[in-house]
K.L.:
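Quick one: the structure is below, and I'll ask about it shortly.
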Amino acid sequence: MSRIAYVNGQYVRHAEAAVHIEDRGYQFADGVYEVCEVWQNKIVDMPRHLDRLDRSLNELRIDWPMTRSAVEFVLREVIRRNRVRDGLVYVQVTRGVSRRDHFFPPEDVAPSIVVTARSTSPKAAEAQAGKGIAVVSYPENRWPRVDIKTIALLPNVLAKQNAKEQGGKEAWYLDGDGNVTEGGSTNAWIVTKDGVLVTRPAESGILRGITRAAVLDLVQKEGLTFEERPFSLEEAFDAKEAFVTAASTLVMPVTRVDGKTIGNGHPGSVATRLRELFHTATDLRAV
Ligand code: PLP
């Protein structure tokens with residue numbers, strides 16, 4: 001079965017899917033995106049993801065390429081056409097195709113939209129979660145508007161590649177005060193020795209992760225103690241547990257930070273339980 005992508009109104013073979021060379025996403029990274037998890041034939045937290053897409057588009061003054069319900073339809077259709085039961089669906093919207101010019105294009109230029117979906121292996125993800133991952137810190141070097149989910153991910157690419165070259169799976173950005181902001185494509189959490197969950201407030205310096213929000217709901221449902229405040233790298237070294245959250249990783253235990261063992265070096269019980277219960281705290285929509 002060949003993969004299918006949706007590109008500006010058409011379902012096309014993935015291998016042949018293409019956008020114009022003067023798409024502003026290609027030339028200026030002038031666009032935004034969302035990634036939703038597909039779990040057991042259901043789309044996880046689609047309303048929250050589309051609310052964030054709406055916010056990202058508004059912040060950049062890009063119009064919706066079609067109605068929100070049409071986008072929902074296309075997400076489902078691409079998932080169905082690719083027979084994804086467990087995986088990820090990706091939607092990207094850019095300011096459209098126009099002669100290269102930094103100024104916004106004329107009003108009649110329509111935004112571009114691309115949707116893709118692919119299967120992932122729940123078994124491989126569980127195996128990874130059973131081992132935990134290593135993260136490697138990296139100086140924060142992104143623009144201040146990281147609250148907008150833009151496709152301009154070059155700093156994230158470089159930070160994550162640096163982590164990979166040092167045996168890690170994720171980067172943790174460090175701000176000027178030595179505090180962890182977030183991961184290259186995840187939000188960052190620790191559990192202190194006293195059992196308090198700590199994650200940075202979403203007001204500044206991070207993307208307001210949808211998985212982070214669902215985990216915060218779950219934490220409250222479970223009656224766990226949590227604080228939304230910055231934490232330093234030293235505090236992470238000293239923590240009982242650490243983990244990251246994203247639609248692509250769910251709750252993923254962190255067992256090493258900059259080569260230092262966190263807790264007993266194994267995935268922590270809090271992270272493991274939050275991972276197990278994760279979908280109970282999410283909105284699930286049938287594909
Ligand atoms: N932070 C960054 C920089 C990200 O790129 C992502 C996801 O791609 C996240 C956090 C996690 O967000 P979400 O839980 O909505 O996937």
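Both counts, for ligands and for their atoms, begin at 1 and track the order of listing.
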K.L.:
Do Ile62 and Asp30 have side chains that approach each other closer than 4.5 Å (heavy atoms only, starting at C-beta)?
P.N.:
yes

K.L.:
Is any NZ, NE, NH1 or NH2 atom of the basic residue among Arg80 and Glu77 found under 4.0 Å from an Asp or Glu carboxylate oxygen of the other?
P.N.:
yes

K.L.:
Could you tell me the residue and atom name of the protein heavy atom closest to atom 12 (O) of ligand 1, and the distance to it rounded to 0.1 Å?
P.N.:
Gly209 CA, 3.5 Å

K.L.:
Side chain, backbone, both or neither: which part of Val146 comes within less than 4.0 Å of ligand 1 when only heavy atoms are counted?
P.N.:
neither

K.L.:
Measuring from atom 2 (C) of ligand 1, which candidate in Arg48, Glu37, Glu182, Glu34 has the nearest non-hydrogen atom?
P.N.:
Glu182

K.L.:
Does this structure show an ion pair linking Glu182 with Arg212, if we count only N-O contacts that are shorter than 4.0 Å?
P.N.:
no

K.L.:
So which atom in His49 and which in Val44 form the shortest heavy-atom distance, rounded to 0.1 Å?
P.N.:
CD2-O, 3.6 Å

K.L.:
Contact between Thr186 and ligand 1, counting heavy atoms under 4.0 Å?
P.N.:
yes

K.L.:
Short list, please: which atoms of ligand 1 are under 4.0 Å from a heavy atom of Asn187?
P.N.:
10 (C), 11 (C)

K.L.:
Would you mind running through ligand 1 and noting each atom that sits below 4.0 Å from a heavy atom of Ala247?
P.N.:
13 (P), 14 (O), 16 (O)

K.L.:
Taking only heavy atoms of Ala246 into account, list the atoms of ligand 1 that are under 4.0 Å away from them.
P.N.:
11 (C), 14 (O), 16 (O)

K.L.:
Number the atoms of ligand 1 from 1 as they appear, then name those within less than 4.0 Å of a heavy atom of Gly183, with their elements.
P.N.:
3 (C)

K.L.:
Please find the pair of heavy atoms, one from Tyr173 and one from Gly184, that lie closest to each other, and give the distance.
P.N.:
CE1-CA, 4.0 Å

K.L.:
Among the heavy atoms of Gly184, does any lie under 4.0 Å from an atom of ligand 1?
P.N.:
yes

K.L.:
Within ligand 1, which atoms have a heavy atom of Ile210 less than 4.0 Å away?
P.N.:
13 (P), 14 (O), 15 (O)

K.L.:
Is NZ or CZ of Arg95 both nearer than 6.0 Å to the six-membered ring centre of Phe28 and within 45° of the ring axis?
P.N.:
no

K.L.:
Is ligand 1 less than 4.0 angstrom away from at least one heavy atom of Tyr33?
P.N.:
yes

K.L.:
Can you pull out the closest protein heavy atom to atom 14 (O) of ligand 1? Residue, atom name and distance to 0.1 Å, please.
P.N.:
Thr211 OG1, 2.6 Å

K.L.:
Please determine if Glu170 and Lys160 form a salt bridge, counting it only when a charged side-chain N lies under 4.0 Å from a carboxylate O.
P.N.:
yes

K.L.:
Nearest protein heavy-atom contact for atom 8 (O) of ligand 1: which residue, which atom, what distance?
P.N.:
Lys149 NZ, 2.8 Å

K.L.:
Taking the non-hydrogen atoms of Arg208, is any one of them nearer than 4.0 angstrom to ligand 1?
P.N.:
no

K.L.:
Tell me the protein heavy atom at minimum distance from atom 5 (O) of ligand 1, and give that distance in Å.
P.N.:
Ser185 CA, 3.4 Å

K.L.:
Return yes if a side-chain donor-acceptor contact under 3.5 Å exists between Ser137 and Asp258, otherwise no.
P.N.:
yes

K.L.:
Quick check: closest heavy atoms across Lys42 and Leu284, and the distance to 0.1 Å?
P.N.:
CD-CB, 3.8 Å

K.L.:
Indicate, with yes or no, if Val89 and Val287 share a hydrophobic cluster defined by side-chain heavy-atom contacts under 4.5 Å among Ile, Leu, Val, Met, Phe, Trp and Tyr.
P.N.:
yes

